[in-house]
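On a predicted model such as this, the values are computed, not experimentally measured, just so you know.
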Amino acid sequence: MEKAGFIEELMKKTGLSQSDGEKVNEVMEANPLIGGDIGNIISQIAQKLGIGEDKAKEIFEKAKEILSGGILDKIKNPFGGQ
């Protein structure tokens, strides 16, 4: 999924601003989801946005849903409809 699409979808699902969506995107890009330290990712989101860990975990879960949906689309249609 392209960066702008991810941020836009994250804004819709979480109510975040564009700026906060970009901050979450930075954290997600900097950390591997598979085999990564999920607690560390959630802590980074909380710190960047100045929110509690519980709210950061909700945002992380929505971000993970969006990203995994984009990956599944690529698996189902690897050539982008060509």
What residues, two or more places apart in sequence or in another chain, satisfy side chain to side chain donor-acceptor pair (under 3.5 Å) together with [X]?
X	answer
K48	E26
E8	none
D37	none

As an exercise, state the distance from [atom1] of [X] to [atom2] of [Y], rounded to the nearest 0.5 Å.
X	Y	atom1	atom2	answer
I66	M28	CD1	CE	9.0 Å
I38	K64	CD1	NZ	6.0 Å
E65	F60	CD	CZ	11.0 Å

Is any side-chain heavy atom of M11 less than 4.5 Å from a side-chain heavy atom of I7?
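Touching, per the 4.5 Å side-chain cut-off.
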For a quick test of your reading: what N or O donor-acceptor pairs under 3.5 Å do the side chains of residues 12-21 make, sequence neighbours left out?
{"residue": "T14", "atom": "OG1", "partner": "L10", "partner atom": "O", "Å": "2.5"}
{"residue": "T14", "atom": "OG1", "partner": "L16", "partner atom": "N", "Å": "3.3"}
{"residue": "S17", "atom": "OG", "partner": "D20", "partner atom": "N", "Å": "3.1"}
{"residue": "Q18", "atom": "NE2", "partner": "E22", "partner atom": "OE2", "Å": "3.0"}

Ignoring hydrogens and angles, write down the donor-acceptor pairs under 3.5 Å from the side chains of residues 39-47, residues two or more places apart or on other chains.
{"residue": "S43", "atom": "OG", "partner": "G39", "partner atom": "O", "Å": "3.0"}
{"residue": "S43", "atom": "OG", "partner": "E53", "partner atom": "OE2", "Å": "3.4"}
{"residue": "Q44", "atom": "OE1", "partner": "N31", "partner atom": "ND2", "Å": "3.1"}

